[in-house]
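Source: prediction; values computed, not measured. Because only heavy atoms are used, hydrogens play no part in the values below, and waters and symmetry mates are left out as well, while side chains stay in.
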Amino acid sequence: MNRLISVVAQAGMWLAAFISVFPFLWMVTGATNTANDITGGRFLPGTNLFVNIAKFFELVDAGRVFFNSFFVAITGTALTLVVSSLAGYGFEIFASKARDRVFAGLLLLLSVPFAAMMIPLFVMFSGAGLINTYIAMIAPGVASIFMIFYFRQNTKSFPHELRDAAKLDGLKEHQIFWFIYIPVMRSTYAAAMIILFMTNWNAYLWPLIVLQTNEMKTITLTVASLATAYTPDYGLIMIANVLATLPTVLVFFLLQRRFVEGMLGGVK
């Protein structure tokens with residue numbers, strides 16, 4: 001009976017894995033086929049890969065598009081890591097009467113959907129003359145309430161004895177944060193970096209609203225624009241999706257072990 005349960009469980013996991021991976025596999029194989037092959041349901045690799053790649057680089061200013069995406073993703077991730085980790089560290093380490101009330105108010109704001117804030121944000125950035133700029137794309141996500149919550153929860157596992165010993169050695173609070181807290185919590189930072197990089201890289205709705213020229217478009221908006229043609233070239237769209245996915249896949253696999261440790265609250 002135990003053997004049967006094990007076989008059924010493994011079969012279920014393999015089925016779930018296949019269902020999860022199937023769209024990605026279809027995207028990769030579709031990048032090697034023509035539009036007619038894809039619409040015809042062909043799932044086998046084809047011979048049109050280099051044709052699709054050449055067509056993509058012919059129609060898209062790939063250098064500019066990927067620069068925009070990398071700049072927004074890397075800058076947004078770095079700024080959010082600094083701001084959110086400082087806030088999470090402060091909320092957990094420094095006790096005060098108002099601390100929990102302020103933190104509860106922040107968590108309450110998580111229930112407000114982003115769609116409800118888009119118009120006020122657009123009016124604010126428009127009034128400041130920041131529409132169609134990198135600042136408009138990056139700034140709204142820098143103070144991420146979810147990331148503040150994430151860092152505060154993980155800071156609970158930070159050994160306070162290290163902080164006390166550092167203060168006895170004469171370190172200031174900012175030195176403790178930069179030279180002790182960050183190295184000890186590197187798994188937490190790695191997990192947060194993966195989440196933030198993917199979020200910034202895949203952002204679509206807000207960039208669609210604030211970006212008004214092709215020179216500022218990110219890869220996500222470019223892929224979407226390729227799919228809105230009257231007769232979409234699915235082979236071109238598939239290769240664009242593959243190229244857009246590669247950076248996030250690379251970042252995830254490079255930091256995969258740290259990601260698991262960070263999500264489990266690992267402290268090194």
Got a donor-acceptor contact below 3.5 angstrom from the [X] side chain to the [Y] backbone?
X      : Y      : answer
Thr75  : Val72  : no
Ser225 : Thr222 : yes
Asn154 : Thr188 : no
Thr80  : Ala143 : no
Trp201 : Leu196 : no
Ser85  : Val82  : yes

**Study point:** Result of checking Asn33, Thr32, Thr29, Asp37 against Arg42 for side-chain hydrogen bond (donor to acceptor under 3.5 Å, both in side chains)
**Key:**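 For Arg42, the side-chain hydrogen bond (donor to acceptor under 3.5 Å, both in side chains) check succeeds only for Asn33.
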
Point to revise | Distance-only side-chain donor-acceptor flag, Asn68 / Thr218, under 3.5 Å | key: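 Asn68 vs Thr218: no donor-acceptor pair found between side chains.
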
Check your understanding: Without hydrogens or angle criteria, can the side chains of Tyr181 and Thr155 be said to hold a donor-acceptor pair below 3.5 Å?
Key ->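 Yes, Thr155 and Tyr181 have a side-chain donor paired with an acceptor closer than 3.5 Å.
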
Taking atom [atom1] of [X] as the centre, does the number of heavy atoms from other residues, nucleotides or ligands within less than 6.0 Å exceed 12?
X      : atom1 : value
Phe253 : CZ    : no
Leu110 : CG    : yes
Leu59  : CG    : yes
Phe50  : CZ    : no

Nearest 0.5 angstrom please: [X] [atom1] to [Y] [atom2], how far?
X      : Y      : atom1 : atom2 : result
Ile38  : Ile237 : CD1   : CD1   : 8.5 Å
Leu250 : Phe197 : CG    : CZ    : 8.5 Å
Leu208 : Lys217 : CG    : NZ    : 8.5 Å
Met118 : Trp206 : CE    : CH2   : 8.5 Å
Leu106 : Phe91  : CG    : CZ    : 5.0 Å
Ile148 : Leu86  : CD1   : CG    : 10.0 Å

Point to revise | All side chain to side chain donor-acceptor pair (under 3.5 Å) counterparts of Gln175, not counting sequence neighbours | key: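 Partners of Gln175 under the side chain to side chain donor-acceptor pair (under 3.5 Å) test: none.
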
Identify whether [X] and [Y] are in the same connected component of the hydrophobic contact network (ILVMFWY, side-chain heavy atoms under 4.5 Å).
X      : Y      : result
Leu205 : Val142 : yes
Ile239 : Val51  : no
Ile74  : Ile219 : yes
Leu246 : Val251 : yes

Can you give me the closest heavy-atom contact between [X] and [Y], atom names plus distance?
X      : Y      : answer
Pro183 : Ile180 : CD-O, 3.3 Å
Lys167 : Ile176 : CG-CD1, 3.5 Å
Ala35  : Tyr234 : CB-N, 3.8 Å
Pro140 : Ala136 : CD-O, 3.2 Å
Met27  : Thr245 : CE-OG1, 3.9 Å
Met198 : Thr248 : CE-O, 3.7 Å

Review point. Are Glu92 and Lys156 close enough for a salt bridge, meaning some N to O gap below 4.0 Å?
Key: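 Lys156 and Glu92: salt-bridged.
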
Exercise for review: Keeping to residues at least two apart or across chains, list the salt bridge (charged side-chain N to carboxylate O under 4.0 Å, His left out) pairs with something in residues 94-120.
Suggested key: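 Qualifying pairs: Asp100-Arg152.
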
Check your understanding: Taking it one step at a time, do Thr133 and Phe125 satisfy side-chain contact (heavy atoms from CB on, under 4.5 Å)?
Key -> CA-CA 10 Å; Thr133 64; Phe125 282 107; over 6 Å; no

Practice item. Please go through Phe18's hydrophobic cluster and name the other residues, only I, L, V, M, F, W, Y counting, with side-chain heavy atoms under 4.5 Å joining them. Key: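 Reading the cluster by chain and number, Phe18 sits alongside Val21, Phe22, Leu25, Trp26, Phe43.
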
Review point. Checking side-chain contact (heavy atoms from CB on, under 4.5 Å) for the pair Arg163/Leu171: CA distance, chi angles, key distance, verdict?
Key: CA-CA 9 Å; Arg163 179 173 176 268; Leu171 268 68; over 6 Å; no

Point to revise | Partner of Tyr89 by ring pair (Phe, Tyr, Trp, His ring centres under 6.0 Å), out of Phe151, Tyr189, Phe177, Tyr150 | key: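 Of the listed residues Phe151, Tyr189, Phe177, Tyr150, the ring pair (Phe, Tyr, Trp, His ring centres under 6.0 Å) partner of Tyr89 is Phe177.
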
